[in-house]
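Chain A is the first sequence line, chain B the second, and so forth, proteins listed ahead of strands; every chain is numbered from 1.
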Number of protein chains: 2
Amino acid sequence: MRVVAEQAEADAAGIAARQDTKEVILDSAERLFAEKSYASVSLRELTQAAGVNLAAVNYHFGSKDALLIAVFRRGALALNRERARMLREAEEKAGGGTPPLREIVSALVLPAIRYSFTSTRLALYNQFVAFARGDGPAEAREILDKDVGHLQRFALSLARALPHLPQQEVYWRLHFAMGVLHSLYTDMKRLESLSGGLCQLDDLEAVAVRVVDYVTAGLEAPFAGPLVQEKTA
Amino acid sequence: MRVVAEQAEADAAGIAARQDTKEVILDSAERLFAEKSYASVSLRELTQAAGVNLAAVNYHFGSKDALLIAVFRRGALALNRERARMLREAEEKAGGGTPPLREIVSALVLPAIRYSFTSTRLALYNQFVAFARGDGPAEAREILDKDVGHLQRFALSLARALPHLPQQEVYWRLHFAMGVLHSLYTDMKRLESLSGGLCQLDDLEAVAVRVVDYVTAGLEAPFAGPLVQEKTA
DNA sequence: GTCTATAATATGATAGAC
DNA sequence: GTCTATCATATTATAGAC
């Protein structure tokens, strides 16, 4: 794209030129789609923010819809890979047995939080997912619905760590945990406002501890069983 | 609109005709904006779904943006009113003292869940909020950010019920609770898929108990303090 | 691969008859 | 208040020069 010397170098080396442009577009798209929703971001705004030509999106991805799917795929792959790695490590450390609940929760939670701090790439991944579900083309929604394989692994691991809980309740509480994670990407402005600036997304470790504490406690909540308490009033 | 006899009747009675059309538009807008995002829903699609004329939106609301704000306002008012009512009742029942944590949580949680079951009007309110934040005009976003007054009441009530917790942590855990609620409107399809159909949003009471259990446990989670545990590995 | 110019279409909004 | 017709504009996508 911009640096012509490098371009010539890459071409000479037989490499598929600079794939830089593609990456830059993906980065901008992820951020803008997350911040402003897919439909509301025009290709003009997007390509201008990315510093590339208007036609580049269609050249590299084929269409705006295809770009949305590409940006989702990239984010999902990176996040799921890291989660799976941490879960595997915890299981190995447990010698084939069940890892402590806190470690399972950490494997689920920490990659999402870490990325939100360190990588521009995944900072807004979860927020993007919310929009993709409402906005995107059918294909993107299907991918999203099917993107449960890695969560299934966590469901199984959690079920082993919480043998007294019916499987159904494990699923519900895992689902709630995802909601807690979601809150880190979605409503931080409201939290900042609510707390008068006291609560901020600045200290990675501190936030991680809070989330793990909360989610672990929720998973360990006493389960009363299917009977609903009779009102005394 | 459609029923001419009623229209004439209302006109004869001196009432401002049928305000039905306005309501129908608000209902459709709330649902569609929530499902597909504000920007992706055209006025043509919206008015067709509502069964009203294309020009009706501009006539009754002035613009598409103004419609978004109107639909948000209506939902926020109804939900906050009900939450405040339940919290007040709990406080009165406690005779000026601090209500049990579970009751505070119920006041926060039950109205949102109940509406999601009973009222088409508010069924998708929370999901809509997520989109409004990314999508809407600046005015809508500001309203959203400032819409913390009623949450402030809950923060204070929770702080009294959890006197050992620093105020900052109360805010964080209230924020996480909102994330749990959010999960009921946002990713239910993923939960259904993940659980193989085992988990569904069908039984209001059962879901309410699950959410209250989870959120209460999270609020009651032990608080280790600002010190971060040293890794033993 | 990148860019300009433009085609084809969809959108929000409005004027004006009823 | 409702409807049809239409304007002005913005959008995605593409053709074709470089």
In whole Å, what is the span from the [atom1] atom of [X] to the [atom2] atom of [N]?
X     : N      : atom1 : atom2 : value
B/L46 : C/dT11 : CG    : P     : 12 Å
B/N53 : D/dT2  : CG    : P     : 9 Å
A/Q48 : C/dC3  : CD    : C1'   : 15 Å
B/Y38 : C/dT11 : OH    : P     : 14 Å
A/E45 : D/dA10 : CD    : C1'   : 13 Å
A/K64 : D/dA13 : NZ    : C1'   : 12 Å
B/L43 : C/dG12 : CG    : P     : 4 Å
A/H60 : C/dG1  : NE2   : P     : 6 Å

- Task: Using a cut-off of 6.0 Å, state whether more than 12 heavy atoms not belonging to B/Q200 lie near its atom CD.
- Result: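 Yes, because the 6.0 Å sphere around CD of B/Q200 holds more than 12 heavy atoms from other groups.
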With respect to the phosphate group of [N], does any side-chain polar atom (N or O) of [X] fall under 4.0 Å of OP1 or OP2?
X     : N      : result
B/T21 : D/dG1  : no
B/S63 : C/dG12 : no
B/S42 : C/dT11 : yes

- Message: Below 30° counts as parallel, above 60° as perpendicular, anything between as tilted: where do the rings of B/H182 and A/H182 land?
- Response: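 Parallel.
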- Parallel, tilted or perpendicular: ring planes of A/F154 versus A/H150, cut at 30 and 60 degrees: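 Plane angle over 60°, so perpendicular.
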From C-beta outward on [X], which listed nucleotide comes closest to its side chain: [options]?
X     : options               : result
B/R44 : D/dG1, D/dT6, D/dA13  : D/dT6
B/A55 : C/dA13, D/dT14, D/dT4 : D/dT4
B/Y59 : D/dA13, D/dT2, C/dA13 : D/dT2
A/N58 : D/dT2, D/dT14, C/dA13 : D/dT14

- Message: Does this structure show an ion pair linking A/R85 with A/E82, if we count only N-O contacts that are shorter than 4.0 Å?
- Response: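 Looking at A/E82 together with A/R85, the answer is yes, because their closest N to O distance falls below 4.0 Å.
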- Query: Do you know which two heavy atoms are closest between B/V41 and B/L32, and how far apart they sit?
  - Reply: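 Residues B/V41 and B/L32, closest heavy atoms: CG2-O, 3.6 Å.
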